[in-house]
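To start, the structure itself, in structure tokens.
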Amino acid sequence: MDKRGSFGGSSSDDVETPLLQPPPARDDRDKERPPSSSSSSWVRALLAHRYPAVASGPAAAAAVCLLVDLSVGAGGAHAHAHREARNMLAVLAWVFLWWVTGAVPLAVASMAPLFLFPLFGVASADAVAKAYMDDVISLVLGSFILALAIEHYQIHRRLALNITSLFCGDPVRPPLLLLGITGTTFFVSMWIHNTACTVMMMPVATGILQRLPRGGGGGDAGAHEEVRRFSKAVVLGVVYASAIGGMATLAGTGVNIILVGMWSTYFPEQEPITFSSWMCFGLPMAFILFLALWITLPILRSPERLSLHLKHLRRDHIITHPVQFREYLSHENILLNYAGPMVFAEKMVLAVFGGLIVLWMTRNLTGDIPGWGALFHNNVGDGTVTIMMATLLFIIPSRKNKGEKLMDWNKCRKLQWDIILLLGAGFAIAEGFRSSGLTDILSDGLQFLKGAGTVVIVPVACIVSGVITEFTSDDATTTLVLPLFAELAKAINVHPALLMVSGAVGAQLSYLLPTGSPSNVIGFSTGHITIKDLVITGLPLKVVGIAALTILMPTLGSQLFCTDSRF
């Protein structure tokens, strides 16, 4: 898999074979050349230019349009609506294949809905364009600017060295260091939004990775490979620990807040979901997933050393040169001591970031205690305050040079617009699901759950939500599926918590694609991981999450949400 996230083919940096070969020199050797040489050169040229991967998207869309019929038994307007749903499915197949094959650059594939939706009649050009500037995208954009400020002033280096010195030990034990980073991320994410946690911890993680020894031209290739694996483990650990920790409390993620709000709206006569009741359910779920993460990361990074990991959990089996690593740490500590205490600019960047976290946490509190968002009639979002606080960085002076501010636009050249476009594509797809009626067809397809047991209802609801969340943000998925599950619970006469809680948990299991959550986007933007790494590591976690929910919901959930009572 190359750096752009494709599963096959050559990298764009490689020398490509021209599509049309220059005419060969005419000599007697041409007469002896096999006739198949010309065709083989065309095949090599097509593969070099990735044209089979480019064609896979339109081919998949055409196959869906020709072979899939969602309007069986429907007539009139219903048949037209089902054709729109089928077209949406075709667009999804096209975009998904371009994403995973790397047929075109990631940003180009993410912009494909801008022309595919109008061409297939899914949505108008204006409607699909609006999806590319959602409030969550504003949140990611502002978070990227704050992360660049932290990186510019080397604040993440200070934090990285403190965590490293606390968990590294002597001799160096990378599994313990990995546990320290992921454990810290898990705990912080319980109390602040998981996106904010990832924004804060990812520079810390990458700061540590920058200090690791890298294999040079004459260096140890094996050591370089081990460091590369450890780098993947650290970035994946921060991404997943942030998502898992946010599951434990209502404050950890917007999904839980949306669940509580929709629960009180659809079922006001039921017992409300409180902070304590959710934590009693979410914390055990989060601990199970964190344990699975701690076991999965070293295994997947070094599968051939599984037995060593199980027998010697703290043995240094990731970095083969801990002495060299300690030399790097000592060198960095000397540099940090030489840099002296934090200057005004660093303090102000931390103050802006700390203020943003406080605003994130206090915008909405509880039903009885409204947050500061009520002062503005709840018209503000997390993206609103993120952009506002990021703007302060361009206003506050740095006190380094005359007229210099904390940030200027030249320092923002590293903004990864392709990632922002990718997230916008996810929101466009979510809107396409709603407008095309694909969600209604999905609801009709779930009618088989009527009369089924809890051990069937819970995993099915979790899987449905968990599949949709891979193509859009977890908040958007929750907003999409919870109303569907609330109505479905009434239709099949089951307790709504079985479907709604399972749907909310499934929406948080967005572990496979960058579009699943802003945290995935932030981890993907570091360049240390690819889509393939997300799939390989996230799939076992997703399976563990579904299995744990299937066990906890009818046992612990029945006590907390009274799912055994008649509805």
Side-chain angles (χ1 to χ4, degrees), residues 186-187 189-190 240-241 243-253 255-260 262-264 266-267 269-296 446 448-467 469 474 477-478 481-482 484-486 488-511 538-567:
F186 174 86
F187 179 77
S189 184
M190 288 175 58
Y240 292 134
I244 293 169
M247 187 183 296
T249 65
L250 292 183
T253 176
V255 171
N256 297 339
I257 299 296
I258 296 172
L259 170 64
V260 172
M262 288 194 176
W263 178 264
S264 61
Y266 280 92
F267 307 102
E269 71 283 358
Q270 297 288 323
E271 285 291 327
I273 299 177
T274 64
F275 189 96
S276 58
S277 65
W278 179 260
M279 190 169 181
C280 290
F281 178 81
L283 192 58
M285 181 82 186
F287 271 133
I288 293 173
L289 280 170
F290 184 77
L291 179 61
L293 174 67
W294 170 234
I295 295 175
T296 302
L446 292 174
F448 71 91
L449 292 176
K450 189 171 184 178
T454 303
V455 293
V456 176
I457 294 175
V458 169
V460 168
C462 186
I463 290 172
V464 169
S465 181
V467 169
T469 195
D474 45 7
T477 299
T478 309
V481 302
L482 288 194
L484 184 152
F485 285 153
L488 182 63
K490 298 175 183 177
I492 65 177
N493 196 27
V494 300
H495 196 283
L498 291 176
L499 287 168
M500 295 185 71
V501 172
S502 301
V505 171
Q508 297 177 68
L509 301 179
S510 50
Y511 298 155
L539 190 58
L541 294 179
K542 206 175 186 80
V543 172
V544 171
I546 295 171
L549 181 68
T550 305
I551 296 173
L552 290 177
M553 198 62 206
T555 53
L556 185 60
S558 64
Q559 302 296 321
L560 296 172
F561 308 121
C562 302
T563 56
D564 292 336
S565 61
R566 294 184 60 84
F567 173 71

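Values below: all heavy atoms of this structure, side chains included; hydrogens, waters and symmetry mates excluded.
Here the side chain of Tyr240 pairs a donor or acceptor atom with the backbone of Tyr511 at under 3.5 angstrom. At least one donor-acceptor pair closer than 3.5 Å links the side chain of Thr555 to the backbone N or O of Leu552. Although no hydrogens or angles enter the test, the distance criterion places no donor-acceptor pair under 3.5 Å between the side chain of Thr478 and the main chain of Ala504. Side-chain N or O atoms of Ser277 include none that pairs as donor or acceptor with a backbone N or O of Ile273 at under 3.5 Å.
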Kindly indicate, with the supporting measurements, whether the criterion side-chain contact (heavy atoms from CB on, under 4.5 Å) is fulfilled by Trp278 and Val501. CA-CA 10 Å; Trp278 179 260; Val501 172; 3.9 Å; yes
Under the criterion side-chain contact (heavy atoms from CB on, under 4.5 Å), I'd like the reasoning laid out for Met247 against Leu509: C-alpha separation, chi angles, the key distance, then a yes or no. CA-CA 10 Å; Met247 187 183 296; Leu509 301 179; 4.0 Å; yes
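Taken from CZ in Phe186 to CZ in Phe287, the straight-line distance is 5.0 Å, to the nearest 0.5 Å. Rounding to the nearest 0.5 angstrom, the gap separating the CE atom in Met500 from the OG atom in Ser465 is 11.5 Å. Distance OG1/Thr296 to CZ/Phe290: 11.5 Å, rounded to 0.5 Å. Distance check: Leu556 CG to Leu283 CG gives 10.5 Å after rounding to the nearest 0.5 Å. Expressed to the nearest 0.5 Å, how far CG of Leu498 lies from CZ of Phe485 amounts to 11.5 Å. Rounded to the nearest 0.5 Å, atoms CG (Leu289) and CD (Gln508) are 10.0 Å apart.
Taking both residues in full, the closest heavy atoms of Ala497 and Trp263 are given as N-CZ3, 3.5 Å, listed atom of the first, atom of the second, then distance. Between Val458 and Ser502, the closest heavy-atom pair is CG1-OG, 3.4 Å. Across all their heavy atoms, Val544 and Ala292 have their closest contact at CG1-CB, 3.9 Å. A pairwise comparison of heavy atoms in Ile546 and Cys462 identifies CG1-SG, 3.8 Å as the closest pair. For the residue pair Ser189 and Ala241, the shortest heavy atom distance occurs at CB-O, 4.3 Å.
Between Phe561 and Phe281, the angle of the ring planes goes over 60°, which puts this pair in the perpendicular group of the 30/60° scheme.
Looking at heavy atoms from C-beta onward, Thr249 lies out of side-chain contact with Asn256 at the 4.5 angstrom threshold. Met553 has its side chain out of reach of Ile457: every pair of non-hydrogen atoms, C-beta onward, lies at least 4.5 Å apart.
For the side-chain contact (heavy atoms from CB on, under 4.5 Å) test with Met285, the passing option among Ile551, Leu549, Ile244 is Leu549; the others fail.
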